[in-house]
Amino acid sequence: MTVAHALLVALSLLVGSAGPPAPPAPALPLHAPHDVVDVLGISPEFETDGTVFGAFVLTYHRVFGRSVDGGRSWDVLGPTMARLEITSFAFSPDFARDGLAFAGTRRGGVWRTSDKGLTWTPTGDPELIVNAVAVSPDFAHDGLVVVATESGCLRSVDGGTRWSSADSGLSDERIKVVAFGRSADVLYAGGERVHFSDDGGRDWEARGLPGKPGTGGVPLRALALDPADDDHLAVAFGAAGGGVSASTDGGKSFRAATFGLSDPVVNALAWADDGTLFAATSDAGCFRTASLSMPWTLHRQGLSPPNRQDDDHYRSVVTSPAFSRDGTVIVGAFEGVFVSHDRGLTWDQRETYRLRVHRLLELSPDFAADGTIFVGSYGGGLLAGRFADDAGDADDEAPGVTWSPRTDGIFHPFSSALAVSQTFAEDDTVYYGYMLLHRSRDRGVTWQRMNRPVPDLPVRALVTSPRLADDDTLYLGTQGGGTWRSTTGGEDWAPIFTDVPDEAWALGLAAPRGAPDTVFLATREHGLYVSDDRGTTARRLDLPDVEIRSFAVAPGYPDDAALAVGTLSRGLMLSLDGGRRWRSSTSGGDGAPLPSREAFAPPSVEAVAFSPAHATDRTVYAALSLGALVVTQDDGATWSDAGRGLSRLLPVRLALSPDFPNDRTLVLTNHEGLWISRDAGTSWRRPRGLVRVDDRHQSLRYEGAWTPTRRVSPLDFSYGVHESRRRGDATSLSFFGDSVSWYARRGPEFAARVRIELDGEPAGEADLFAEEVRYQERVFERRFASPGWHTLTIVNAGASAPGRAAVIHSDGFDYTH
């Protein structure tokens, strides 16, 4: 697909004072920063190319991820796989040469890549529900691909270009699994029972019933074949329970293989080349057995425990095709990806949700004067940046931004809502929230805990009154807990928008500067509301029944009464009269009508922003889930591309400078970080970013007797520190960047010598002793000539003087990229 066509398709879818006493430090959150990993696929050349595919859910967005270093790091690739629910991956046996792989999707058909996952195109029926894909072992010669669907099997003999029915002999309509044996003729498929084909899927023979937990037919969830023997197979039933059933006669008969399998909900199976069988289960972890005649064993070291936020914790498992040599097995879970290189005995959690992904973005109302930007990431706390006027980095790749952490007093690094005071120049106030609410009155340098109206639900939306410096009024929206107003800066709360359904998810709030008593509330699935008395009474605007993804109010409201709502599947809705009438965009950059359908999932409008001078320039920007950024200068009559130079990844936030008509500055965040345009979107550059890593973050590795301690001072970052009292204890961070720092406490009781290693080589020593306690002290810093992969390791080298204790309180790391 050309860039022009991609833009055409994207545009076509634009239719349709001191606070209360601080409570005790909170317990750890329900989960660490994560991607939910539903499906994994592993390259047949994994030993040399390290390629793994993953279907992730990144904070409510389904996306495709790829690793080319064995699962160590991941990139979110797009945009065309955005929002597709991927059910399976299958690789060409000649993947290293032809780059071919396939993905089955739910209500998206079969997708194909020929460049190792960089780009994807749909094949066949775009509405098809595909449960599994299998590629012939002799694909280079026969081009054979077979898929399992909710209405039988399909096969293609030209690499997925054309498809034909392959149902002859199938006794089940819903086929959930399909797999080739060692030859292109041997195939197994399963719905409620196992079927066998010895002619490449043309004809099928119903074989044994692997088991029916409970009553009625239960379809299979997983099927695995022994790489050494086509007659040996194992199946599992997922949420239906029943554990694993095994056959040694090609599926003619089955027996239970559950001895030692303490969790009967098995979601995925993988059979390694040396005969080891792995089973990923809902709660317990990843079991293994060396043989079906031996009991299952469970090794949990390094795996995260299940939590009450998920139904199925461990969802996918794959083994290296060279498992007998490298011992690699990879598990996909609710908490991301876990990799083992010792045959499943111990596990390392890999970070798939990069901390450089900024979920929140706010510019200072006085950006033209102070150049201040705030960004919040999921797990990295809050950062403040200051824009240089026209400065660039040494390599002139991006405008200069100087970053500094804003973490003193923040009790956890997670965030879902951020508000900069509309009177920022007067009061220096910023609010930041998720499961807790924090307020800063010194531009984010220090923070204090505030009360929350609904303690057990996340904060999803925040906005300050246009007169915050005078009225101390803050508006807060929750996820299913109502919308609230505080006139004491966050100490006391009263419910507002009380006619909105209780289950509504507040997507955003707006309080226009030109209408001090007006508040807008956007909910995900219950519409858009407006109040003219600060939320005491409200009315629902007459907006079509849509799922809202983003919304904006014209900066000149109410004189300019323009509203914009970005939706999940009906494009961008615009109103120029305060929400009484709505219309949709229907044409592209040349004014020509656009097609209304394409063969892949339509994009949602993830972010929308008005020009501050919209009343005269009629300019609106829209960021789409397919990675495009588009702009209209006639209120949606025509659109043009404004994203040249942007990576085509899922956008998260979009902001225009308050002085946009003069400085032409836009800022956008996506799953690759922060992007800046100084020419209204004609070109984009990505500045260097700063990542702060809390001591409890999953990307850190601890060896020895480290103990996480509760926070004793608001000057600790997030939850506290990790403590070491034993010589030889070590902690390390692996990262991709061009500088790195380590932070720890110093003081009279911290008398350890620290040995520092960088990429396995000595990099220095430090003494943590000080006459007075100092928090978040930068103990070590190193810069590199260019970005690259590095590992920084901190080792407890013992007491720095006789009679002192070798105590380290490690408070985390940061790095630039």
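Counting from 1, the numbers follow the sequence of the chain as shown. Values reported hereafter were calculated over all heavy atoms of this structure, with side chains retained and with hydrogens, waters and symmetry mates removed.
Legend: residues meeting side chain to side chain contact (heavy atoms under 4.5 Å, CB included) with D759, ordered by chain and number and at least two apart, are H790, T791. Taking the side chain to side chain donor-acceptor pair (under 3.5 Å) definition, one finds that S114 meets it with nothing, sequence neighbours left out. With sequence neighbours excluded, the residues that form a side chain to side chain donor-acceptor pair (under 3.5 Å) with S156 are D158.
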Would you tabulate the side-chain donor-acceptor contacts of residues 169-181 under 3.5 Å, counting partners in other chains and residues two or more places apart, or write 'none'?
residue : atom : partner : partner atom : Å
S171    : OG   : H195    : NE2          : 2.8
D172    : OD2  : E192    : N            : 2.7
D172    : OD2  : R193    : N            : 3.0
R174    : NE   : E150    : OE1          : 3.1
K176    : NZ   : E150    : OE2          : 2.8

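Taking CH2 of W111 as the start and OG1 of T121 as the end, the distance is 7.5 Å to the nearest 0.5 Å. If you take CD1 on I129 and OG on S151, they are separated by 8.0 Å, rounding to the nearest 0.5 Å. To the nearest 0.5 Å, atoms CH2 (W163) and SG (C153) are separated by 10.5 Å.
Checked against a 6.0 Å centroid threshold, the rings of F91 and F53 count as neighbours. Ring centroid separation for the pair F64 and W120 comes in under the 6.0 Å cut-off. Taking the ring centroids of W271 and F278, they lie at or beyond the 6.0 Å cut-off.
Of the candidates V339, V37, T319, I330 forms a side chain to side chain contact (heavy atoms under 4.5 Å, CB included) with just one, namely V339.
Taking 4.0 Å as the cut-off between side-chain N and carboxylate O, R207 and D249 do not count as a salt-bridged pair. In summary, E47 and R325 engage in a salt bridge, as defined by a charged side-chain N under 4.0 Å from a carboxylate O. A salt bridge links D230 with R182: the closest approach of a Lys/Arg side-chain nitrogen to an acidic carboxylate oxygen falls below 4.0 angstrom. Taking a cutoff of 4.0 Å between a charged side-chain nitrogen and a carboxylate oxygen, R97 and D94 qualify as a salt bridge.
Listed by first then second residue, pairs satisfying side chain to side chain donor-acceptor pair (under 3.5 Å) with a partner in residues 254-265 read D263-T281, not counting sequence neighbours. Among residue pairs with one or both ends in residues 281-300, none qualify as ring-ring contact (aromatic ring centres under 6.0 Å, His included); sequence neighbours excluded.
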Candidate pair W789 and F735, rule ring-ring contact (aromatic ring centres under 6.0 Å, His included), full reasoning: CA-CA 6 Å; W789 274 106; F735 64 97; 7.9 Å; no
Could you walk me through whether D274 and R343 pass salt bridge (charged side-chain N to carboxylate O under 4.0 Å, His left out), step by step? CA-CA 11 Å; D274 69 344; R343 308 169 63 83; 2.3 Å; yes
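Counted within 6.0 Å of CD on Q301, heavy atoms from surrounding residues, nucleotides or ligands total 12 or fewer; the atom is thus considered open.
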